[in-house]
Amino acid sequence: MRLYNTLTRQREDFVPADGRLVRMYACGLTVYARGHIGNFRTFISLDVLRRALKYVAGFDVKQVVNFTDVDDKTIAGAEREGVPLGEYTARYIAAFHEDCSALGLEPSEENPRATDPANIQAMSDMIATLERKGHTYRSDGSIYFKIATMPDYGRLARLDHEGILAGARVDSDEYDKEDARDFVLWKATKPGEPTWDAGVGPGRPGWHIECSAMALRLLGEAPIDIHAGGIDLIFPHHENEIAQSECATGKPFARTWVHFEHLLVENQKMSKSLGNVYTLPDVVSRGFRVSTLRYLLLSAHYRSRLNFTWAGMAQAEEAIRRWTDFLARLDTITGGEAHAAVAEAVGAARTAFDGAMADDLNTAAALGEVFELVRALNTAADAGGLGAADVAVVRAAFAHFDDVIGVVSLRRREDASAGLSEADIERYMHDRQEARRRRDFAAADRIRAELLELGVILEDGPQGTRWKRK
RNA sequence: GGCGCCGUAGCCAAGUGGUAAGGCAGAGGUCUGCAAAACCUCCAUCCCCGGUUCAAAUCCGGGCGGCGCCUCCA
C-alpha cells in the first residue's frame, strides 16, 4: 500500500509499525450542525482508506474518529436554544451516525467525545506534562502553548518561521498571547459556560489538545500509524497537534498524515450565504440516492478538488446502473461450462483493481478497471462465452470490488427498504405477461408505465422479463 | 508578503518519459411488439510558447487562466 504523506509530500510505502494493526485517527465533526456533503467527502474517503487497508492490503484497523462537542459554536448553539450543551450536541451526533450508516460507512472502533471525563482527564494530564517541560504559560486564566519552545514547529504545513505572519490576518482579540502564533491549550471559561477541572485548573479544552490526548489515549504509544482529516486542518490544527504531542511525549506523533481535499459545489466553496451547503436529506429530497453520492464522491481522487453538481449526480447514477445491470444479468445465465478466458479476465481485473487502490487509493482508476471488466464480460455473455460455471468467480470479484467501493451493497440495502414489495412486483409482472400473451400491448405497456410510476423498471429479454428499482 | 494546488473530448475523470483508462451524453448499427438492457463502430494529441530528450499530457523555464491555506471551515 502506498500513501501520500503530507509530512514528506511524497507517496510512501505504508506498513503499520507492528506490521499488522493500523492505528488510525481522524478528526471528526464539531457537532453544532448536521454534517454536509463536504464533510462526508472526507468521511467517505476515510472509509475507503480503511477498507483498502483491510480488504486490499490485509491489515487490521483500529480507527478513532472524535466528536468535538465543546467549543464556541456548540456553546453558543446550546445557549441560543436554551438546552444543555450535552443535549444539543447529542442531536448532531445522532444525525451523524444516521448519515454514516446511510452512506454505508463502516463504524469506527471508537468515537470519543471531547467532554467524556476520561478524555478531559487525558487532556489535563497532557497539559500538565507540557507545563512541567516548560512549553506553556498562563495568561488570564488560560494556558497557552509557547511555540518558541519548539524549534521545528511548522514542519507539516511547511511554514516559514519568520514569514509566518507577514501579511496574514491575525485574530485581534487574542491579545493575551505572548506571541501571535501561540495557541490555547486550556481556555478560561466565562460565567455560565461549562467548565472542568481535572488538575490544571478550571476551564475547557482548546480545540487541538482534544485530538492529541484522545488519539494517544485510545491508540496507545506514539507514533500512531495514520492521522487523517480534511485538508484545511493541516494548519493550524494538525500542526498544533504535532507540537503538543511531540513536546509532551518526546516522540513523533504520527507516521503518516493523510489529508482529503475539499468539495466544491457548482464550482464554489460551500457557504450558507450561497445556500449550497447540502446535507444528506437534501440529496434525497432532490430525488437521488445516498449511494449515488457515495459513488460520485469516489469517482475522483481524494487529493483533488471535486466539484459537486446535480448533473454529476445524474451521471453517477447511470454509471452505477451499468454495474448493477451487469450483476442482474448474471442471474439470467443458467447453463454452460466454465471458460478459461473468463477466469483470466477476472483475475487480471482483480489485480489491476487492487493495484489502483494500493496506489494511494486511486478509486477513479479502480472504477475504470471494474467497468472494463463489465464490458469484457458482457461481450463474452453475448457471444455465449460466459457459462453458469463462470458465475461464481465473477461474483466473487465484484463482491471484492464492492468491499472497497461500498456502493452496490448500499444500493441493495436501499432497495430492500423502499417501495413495492417483491411479491407485489411479481403480481404486476404476471398480469402484464398475460396481456402480452394476448398481444394486448396497450395493456402491457400500461402496466409497465404504472410500475415505472411506482419506481420499478421492467426489461424484456429472451429469458423473460427482469425488473429493477429506479 | 509566505506556503501550495490545478488547467486532459460536450460533461465527469485516470494517466508522473514511450505515441491518450473508464463513466455520462451524442451519432450510426445489431437485437426487440414497443421500450429498456446489452454488444459493435465513431467521437481528444492533453491551456499557450519555448527548452531538455531518440521519445513529454507527463521533466524544466516563461506566459495565460482558475483556486486553496496562512482566521477554532472536512
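Throughout, a chain's letter reflects where its sequence line sits, starting with A, and its residues are numbered from 1.
Of the candidates B:rC24, B:rC72, B:rC67, B:rC67 carries the atom nearest the A:R305 side chain, counting heavy atoms from C-beta on. The listed nucleotides are B:rC70, B:rA74, B:rA13; the one nearest the side chain of A:F235 is B:rC70. Comparing atom distances between the A:A319 side chain and each of B:rG22, B:rC72, B:rG23 picks out B:rG23 as nearest.
Taking each heavy atom of A:R294 and A:I44 in turn, the nearest pair found is CA-CD1, 4.0 Å.
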I'd like a table of atom pairs between the protein and nucleotides 15-18 of chain B - only N or O on both sides, under 3.5 Å - with the distance next to each one.
{"from": "B:rG15", "atom 1": "OP1", "to": "A:N362", "atom 2": "ND2", "distance (Å)": "2.7"}
{"from": "B:rU16", "atom 1": "O4", "to": "A:R11", "atom 2": "NH2", "distance (Å)": "2.8"}

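Using a 4.0 Å heavy-atom cutoff across all strands shown, A:P462 reaches no nucleic acid atom at all. Contacts of A:A157 with the nucleic acid, taken as non-hydrogen atoms under 4.0 Å apart, involve only primed sugar atoms and P, OP1 or OP2. Residue A:L263 is classed as a base contact, given a heavy-atom separation below 4.0 Å to a base. Using a 4.0 Å heavy-atom distance criterion, A:G230 is classed as a sugar-phosphate-only contact. Looking at heavy-atom distances under 4.0 Å, A:K269 makes contact with a base. Residue contacts for A:A364: at a heavy-atom cut-off of 4.0 Å it reaches a base atom on one of the strands shown.
Each of A:S304 and A:G38 lies near RNA chain B, and the nucleotide nearest A:S304 is the one positioned closer to the 5' end.
The aromatic rings of A:F308 and A:W310 sit perpendicular to each other, their planes meeting at more than 60°, with 30° as the lower class boundary. Ring pair A:H237/A:H208 is tilted by interplanar angle, where 30° to 60° counts as tilted.
Aromatic stacking is marked for A:F441 over B:rG33, as both cut-offs hold: 5.5 Å for the centres and 30° for the planes.
Within the cation-pi definition used here (under 6.0 Å to the ring centroid, within 45° of the axis), A:R303 qualifies as a partner of A:Y4.
In this structure, A:T68 does not reach the B:rA74 phosphate: none of its side-chain N or O atoms is under 4.0 Å from OP1 or OP2.
Taking the six-membered ring for Trp and the full ring otherwise, the centers of A:Y295 and A:W323 sit at least 6.0 Å from each other.
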Going 5' to 3' through nucleotides 34-40 of chain B and flagging B where a protein heavy-atom sits under 4.0 Å of the base, S where only the sugar-phosphate is that close, and - otherwise, we get BBBSSSS
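Other residues, nucleotides and ligands contribute more than 12 heavy atoms inside 6.0 Å of the CD atom of A:E266.
With hydrogens and angles ignored, a donor-acceptor pair closer than 3.5 Å exists between the side chain of A:Q315 and the base of B:rC11.
Side-chain contact check for A:T74 and A:D71: at least one donor-acceptor pair (N or O, by modelled atom type) lies under 3.5 Å.
With sequence neighbours excluded, the residues forming a ring-ring contact (aromatic ring centres under 6.0 Å, His included) with A:F401 are A:F353, A:F398, listed by chain and number.
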